[in-house]
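Presented below is the structure to which this report refers.
Predicted model, so just to flag it, every value in this text is computed and none were measured.
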Amino acid sequence: MNSADSELIFDVLVVGAGHAGCEAALAASRMGCRVGVATLNFDRIGHMPCNCSIGGPAKGHLAREIDALGGQMGLATDETLTHIRYVGTGKGPAVQTLRAHADKSLYPKAMRRALESAPNITLLQVKVEELLTKESHRTISLIDAPITNLRSLEVIGVATDDGTRILAGSVVITTGTFLNGLMHCGTEKTIGGRHGEGVAKGLSTSLQQLGIRLGRFKTGTTPRIDKQTVNWDLVEAFPSEDCPPFSFMSDRLNPLRELLPCWQTHTNTTTHDIIRENLHQSAMYSGQISGIGPRYCPSIEDKVVRFAAKESHPVFLEQEEWDSDWLYVQGMSTSLPADVQIKFLQSMAGLEHVSMVRPGYAVEYDMAYPDQLEPTLESKLAAGLFLAGQINGTSGYEEAGAQGLFAGINAALRSQHREPITLDRQSSYIGVLVDDLVTKGVEDPYRMLTSRAEYRLVLRHDNADLRLTPIGREVGVIANDRWSRFTTKRDAIQKELHRITNTFVTMRDNDRLRSLGTAPVGTKVSVQELLRRPQLHYNFVQEHFPSEEVIDRFVAEQVEIQSKFEGYIARQESQILDASKLEGVHIPDDFQYVGLNALSMEGREKLGRIRPNNVGQASRIPGITPSDLQLLLVSLEQQRRLVASKIG
């Protein structure tokens with residue numbers, strides 16, 4: 001590949017091999033596509049540059065949904081697990097999920113093995129410099145868009161820095177923080193997308209030449225410290241818990257060794273004073289960084305300034321690898337100079353004599369505003385170009401992996417000349433994520449939160465497979481072994497629900513009920529009705545009304561949740577049905593907003609720029625008023641009648 005005349009051809013080309021890139025490539029591969037993966041460094045495939053965790057509030061839901069759609073994140077986490085806990089246990093099944101730590105050296109190796117073992121993936125260690133385009137045959141109406149001189153183009157591949165042309169039916173860009181990445185530690189600046197690695201510069205220019213609006217975002221990481229220098233008597237240990245695995249393909253946790261704990265300490269007023277006294281040296285607060293940082297994962301400088309009344313913040317120490325003494329200091333992302341970092345670390349209980357093995361740093365990078373994308377994650381400005389991950393203004397491995405998987409599926413469908421898929425807000429957290437990005441856009445790095453999902457009782461982490469695996473099977477990412485496992489579980493759930501609905505408790509069982517601390521029955525009730533009582537759980541059914549068949553823990557979990565929350569779930573499903581009526585009102589691609597003078601000026605600008613696919617999506621665009629929405633509905637109905645009259 002050193003010749004300027006060399007050329008490679010794939011169905012799908014993925015640029016980048018982080019969490020988004022790995023999931024995109026594997027999804028397209030599973031659908032039968034020939035996939036090329038262009039990455040700067042084979043040794044950084046699936047790398048975990050920030051913390052070693054997968055999951056957490058809302059992120060655990062995304063990780064489970066990635067797995068339900070045949071993705072790799074859950075399997076790799078289960079294989080390389082070092083620590084796991086439940087989170088959100090006090091808030092019910094809608095919020096409850098898992099948070100795990102994975103070995104930071106083993107997780108990337110597991111991901112690389114998955115890519116290398118896929119029969120139709122080719123790994124390419126190259127630097128992509130330019131997008132190759134041709135005039136597109138698709139018609140796009142952009143009369144209302146605020147950008148002028150737009151061309152209708154199709155991306156057909158890329159060119160590398162050595163002149164190699166890599167052609168593809170679809171191109172997925174998953175460059176993370178590597179577009180013009182610049183790292184900051186105090187006043188020190190280093191060019192790079194992350195510690196010890198280079199950047200991609202030409203690709204930013206190429207994206208801008210297509211008319212894509214770029215912005216500048218910032219993320220950061222924390223100091224790493226030496227485990228051997230921690231005073232363990234002064235920190236609190238949190239052991240791993242008995243949890244189910246992340247992947248629906250795993251029967252149980254089967255870690256390589258005994259799982260590790262994590263540990264907690266806290267900042268204090270001395271810590272905060274050190275940080276305040278040195279804010280002028282922070283790259284973020286001194287004005288060196290122009291990029292916008294994450295609102296929901298702020299640096300320690302941000303925490304001290306924004307929450308000045310708080311005297312303490314929790315700090316977790318997480319072991320990054322089985323065979324390493326490096327601890328990740330969760331909650332202390334910073335761009336202060338290294339000498340200040342060691343001072344504030346040593347101000348905390350248990351860390352008085354700690355050694356810092358690597359300082360934290362901030363990195364700013366180019367991103368592309370995601371309201372320029374279709375709900376399939378394909379560019380509105382260039383056919384065949386898909387963007388996924390941090391380039392879309394998101395933060396987090398799980399958000400990146402989810403987008404990569406979804407973009408990979410749609411890139412594969414496009415290369416196979418099949419219809420794309422969309423996931424709506426009612427179906428998944430992935431649907432919420434994508435809809436938020438393409439409809440609302442971003443002003444700072446986006447992080448998934450359970451509060452972003454209107455229907456989170458339906459979108460639980462435990463039922464991700466029931467919601468999404470049939471969709472994955474239809475598009476072709478679900479292999480036979482996973483499908484067989486899924487259908488066995490689904491059928492067992494339905495069979496057991498039917499059994500307990502038609503098995504009854506009578507007055508003869510009242511003594512047993514009283515002994516369990518629950519009220520007796522008057523005549524008879526079904527076992528399912530009894531299971532709705534807060535005092536009773538599925539083990540009551542197993543003990544007193546056992547099935548003739550073995551009911552595994554995952555089937556039992558679904559039977560109990562679906563029984564206990566049946567009324568609430570039915571109510572939410574009714575709300576989903578009402579909301580879907582607006583989603584069903586399609587807006588033609590060539591619909592003109594410019595002539596609707598009764599629309600607010602903001603409404604015309606945003607509807608014309610985002611060009612929603614349906615009225616439901618239009619209703620979620622910030623700044624669209626109820627009167628704008630009503631006028632849009634009336635105009636669409638008038639247009640429909642006009643078209644019908646012409647046809648008639």
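In terms of modelled atom types and a separation under 3.5 Å, the side chain of T164 and the main chain of T160 share no donor-acceptor contact. Listed for the R64 side chain is a donor-acceptor partner under 3.5 Å among the backbone atoms of H461. R467 places a side-chain N or O within 3.5 Å of a backbone atom of R460 that can act as its donor or acceptor partner. With hydrogens and angles disregarded, no donor-acceptor distance shorter than 3.5 Å links the side chain of R34 to the backbone of N120. Checking side-chain atoms of S206 against main-chain N and O of G202 turns up no donor-acceptor pair under 3.5 Å. Although no hydrogens or angles enter the test, the distance criterion places a donor-acceptor pair under 3.5 Å between the side chain of S117 and the main chain of A114. Put simply, the side chain of K104 gets close to the backbone of M48: a donor and an acceptor are under 3.5 Å apart. A donor-acceptor pair under 3.5 Å is absent between the side-chain atoms of E65 and the main chain of L468, judged by distance alone. No donor-acceptor distance shorter than 3.5 angstrom exists from the side chain of Y328 to the backbone of S53, with no hydrogens or angles considered. R447 contributes no side-chain N or O that, together with a main-chain N or O of E399, makes up a donor-acceptor pair within less than 3.5 Å.
Relative orientation of the Y369 and F217 rings is perpendicular, given thresholds of 30° and 60° on the angle between their planes.
For the residue pair N392 and Q403, the shortest heavy atom distance occurs at ND2-OE1, 2.9 Å. The two residues G393 and V442 come nearest to each other via the heavy atoms O-CG1, 4.1 Å. Taking all atoms of both residues into account, the shortest heavy-atom contact from L253 to P244 is CD2-O, 4.1 Å. In terms of heavy atoms, H61 sits closest to V95 at CE1-O, 3.4 Å. The shortest heavy-atom contact between D67 and R482 is O-NH1, 2.8 Å. Listed here is the closest heavy atom pair of L210 and A382: CD1-CB, 4.1 Å.
Atom CD of Q575 sits about 10.5 Å away from atom CD of E573, to the nearest 0.5 Å.
Contact check on R490 versus D465 returns no salt bridge, with no Lys/Arg side-chain nitrogen under 4.0 Å from an Asp/Glu carboxylate oxygen.
Here the rule is side-chain contact (heavy atoms from CB on, under 4.5 Å) with K134, and of I156, L153, V155 only I156 fits it.
By the 6.0 Å contact criterion, NZ on K440 is enclosed, its count of non-hydrogen atoms from other residues, nucleotides or ligands being greater than 12. Annotation: E443, atom CD; neighbour count of heavy atoms from other residues, nucleotides and ligands within 6.0 Å does not exceed 12.
The list of ring pair (Phe, Tyr, Trp, His ring centres under 6.0 Å) pairs with a residue in residues 96-129, not counting sequence neighbours, reads H19-Y107, H83-H101.
In this structure, the side chains of P375 and T422 come closer than 4.5 Å at one or more pairs of heavy atoms. Two residues are said to be in side-chain contact when any heavy atoms from C-beta on lie closer than 4.5 Å; V158 and L203 fail this criterion. Within the 4.5 Å cutoff, side-chain heavy atoms of V37 are placed close to those of V35. Looking at heavy atoms from C-beta onward, D481 lies out of side-chain contact with W483 at the 4.5 angstrom threshold. At least one side-chain heavy atom of V432 sits under 4.5 Å from a side-chain heavy atom of M448. Put simply, the side chain of S415 does not reach to within 4.5 Å of the side chain of F10, judged on heavy atoms.
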### Task
Please report the C-alpha distance between K59 and E398 in whole Å, then the side-chain angles of each, then the deciding distance to 0.1 Å, and finally whether the salt bridge (charged side-chain N to carboxylate O under 4.0 Å, His left out) criterion is met.
CA-CA 6 Å; K59 292 173 176 285; E398 301 83 0; 3.6 Å; yes

### Full working for salt bridge (charged side-chain N to carboxylate O under 4.0 Å, His left out) between D552 and K489
CA-CA 9 Å; D552 74 34; K489 174 185 172 181; over 6 Å; no

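For the 3.5 Å distance criterion, the side chains of T133 and E154 fail to qualify, holding no donor opposite an acceptor. Donor-acceptor pairing under 3.5 Å is lacking for the side chains of Q617 and D435.
Q72 meets the side-chain hydrogen bond (donor to acceptor under 3.5 Å, both in side chains) test with R30; sequence neighbours excluded.
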In a table with atom names and distances, give each donor-acceptor pair under 3.5 Å that connects a side chain of residues 404-413 to protein atoms at least two apart or in another chain.
from: N410; atom 1: OD1; to: I421; atom 2: N; distance (Å): 2.8
from: N410; atom 1: ND2; to: T376; atom 2: O; distance (Å): 3.3
from: N410; atom 1: ND2; to: I421; atom 2: O; distance (Å): 3.1

